[in-house]
Number of protein chains: 2
Amino acid sequence: MPTTEKGQAKRSALIAAVIDLVNNNGFHAAPMSLIAKRAGVAAGTIYRYFDGKQDLVNKVYLEVKEAFSASAFRDYAPTDSVEDDFRTIWYNIAAFKLRERDKAVFLSQCDNTPMIDEASRQEGLRHLRPLLDLWQRGQAQGIIRPVSPYQLYAFSIYPIAFLLHMQQRDLYDITQPRIDEVYRMAWDSIKL
Amino acid sequence: MPTTEKGQAKRSALIAAVIDLVNNNGFHAAPMSLIAKRAGVAAGTIYRYFDGKQDLVNKVYLEVKEAFSASAFRDYAPTDSVEDDFRTIWYNIAAFKLRERDKAVFLSQCDNTPMIDEASRQEGLRHLRPLLDLWQRGQAQGIIRPVSPYQLYAFSIYPIAFLLHMQQRDLYDITQPRIDEVYRMAWDSIKL
DNA sequence: ACAAAATGAATGAACGTTCATTTACATAGT
DNA sequence: ACTATGTAAATGAACGTTCATTCATTTTGT
């Protein structure tokens, strides 16, 4: 795999092309030939950077998931207040989904498709550790409902993906005052 | 299109085959040849019942969505209590997703893929009218948060899909006492 | 001049769809 | 009751297309 500066630029262009094509037309309409053209390289060049389509898609998923986690926990240092910590992380996540809409949409496409193999998904889940720890701390303090972390995630984080999807279809618009509303709903569903 | 009794049986077998294949391997791994084999018919026979793959997938989506709505509003007659009405509908929806897991998983696969065209999606959304009306009534009475119905849906209904998906991956198990927990979280997120 | 990187035409597998043919079935005639 | 006839249903091999992948060749960078 090329490791030059230009090489990295091509790698990035390929990843961006996959995100763009998958978001606008789905996995079934993202052939390698188009990915190559969109990235400004020849079809064969892809195989110098990735082992094949499956590998390419998995790598894109992992890199985007990493970017997501990095955003979610940016500047995060646990304080004494579980609620403050949760608010920090929640707003980070919301900001990522709004600012990097393409990446967020791509992730939600991946979450329900068997195109990503289970190994990569497990790897992607690993990054959420700090949030799970926070919830556990909140539960120990009697601040967070004593339920499965999956339930907490389903009600406080997952809904954002739905709203993003509606926004993508021009049925709903997430403006700033609404974000605060949404946060309140998220917190009210998991707090005790 | 054949209208005999045997014909309808084949049509149903085809629809079941699509649901099964899409759920287990995704849209990209559900070729017409496999759909035919799974349904016990020859490849060409599909085209006597559907106009092509796109039409087949759309029809499956619409029929499953209809079954979902029928379950959601089964025996539903508005009462004086918005909360009671919501509970009725919510438990109907939860019961459907547990009882008819295949259909529910299929619907959630469809919700994020461009494989279904926008027209069919709009048509599918139409069925949720009674729930939107209920929420509006609740808002007029000051019982339900005065926010977009998409937000209400995102927090009270959509999370069930996430939990179902986790259950599908054996990471979470929805047992009866948990359902009541989940309902409380749903209600707490939308009530005032 | 050398090696690494990039190319894009060629390849074969897989796909959705078609259609000439066969099969199943209902109705009519004897 | 049996067979002939007409029509609808079903078949699956064949077709054209598209896809991911390869590799002999060319281009680029040092």
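No hydrogens, no waters, no symmetry mates; every other heavy atom, side chains included, goes into these values. Every chain is numbered from 1 and lettered A, B, ... according to where its sequence line falls, protein lines coming before strand lines.
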Ring pair (Phe, Tyr, Trp, His ring centres under 6.0 Å) involving A:Tyr47 - partner list, sequence neighbours excluded: none
Length of the CD-P vector between A:Gln8 and C:dA5, whole Å: 11 Å
Distance in angstrom units between B:His28 NE2 and C:dA14 P, rounded: 14 Å
Under 3.5 Å side-chain donor-acceptor pair for A:Ser108 and A:Asp111: no
B:Asn23 side-chain N/O to B:Phe106 backbone N/O, donor-acceptor pair under 3.5 Å: yes
salt_bridge(B:Lys65, B:Glu123) N-O dist < 4.0 Å: no
Can you tabulate the close N/O pairs, meaning under 3.5 Å, that link protein atoms to atoms of nucleotides 20-22 of chain D?
residue, atom, partner, partner atom, Å
D:dA20, OP1, A:Lys53, NZ, 2.4
D:dA20, OP2, A:Met32, N, 2.4
D:dT21, OP2, A:Tyr47, OH, 2.8
D:dT21, OP2, A:Lys53, N, 2.9
D:dT21, O5', A:Tyr47, OH, 3.3

Expected output: side-chain A:Asn24 to main-chain A:Asp20 donor-acceptor under 3.5 Å: yes
SB check A:Arg184 A:Glu181 (cutoff 4.0 Å): no
Nearest-Å distance for atom pair CD1/P, residues B:Ile46 and C:dT17: 9 Å
B:Arg137 atom CZ, neighbour heavy-atom count above 12 within 6.0 Å: yes
Provide a list of protein-nucleic acid N or O atom pairs under 3.5 angstrom, restricted to nucleotides 7-10 of chain D.
residue, atom, partner, partner atom, Å
D:dA9, OP2, B:Arg48, NH2, 2.8
D:dA10, OP1, B:Lys10, NZ, 2.8
D:dA10, OP1, B:Tyr49, OH, 3.4
D:dA10, OP2, B:Tyr49, OH, 2.7
D:dA10, O5', B:Lys10, NZ, 3.4

Gap between atoms CG and P, on B:Leu21 and C:dG16 respectively (whole Å): 11 Å
Separation of atom CZ in A:Phe50 from atom P in C:dA5, rounded to whole Å: 15 Å
Interatomic distance, A:Lys37 NZ vs C:dA6 P [rounded to whole Å]: 19 Å
Nearest heavy-atom neighbours spanning B:Asp117 and B:Gln54: OD2-NE2, 3.6 Å
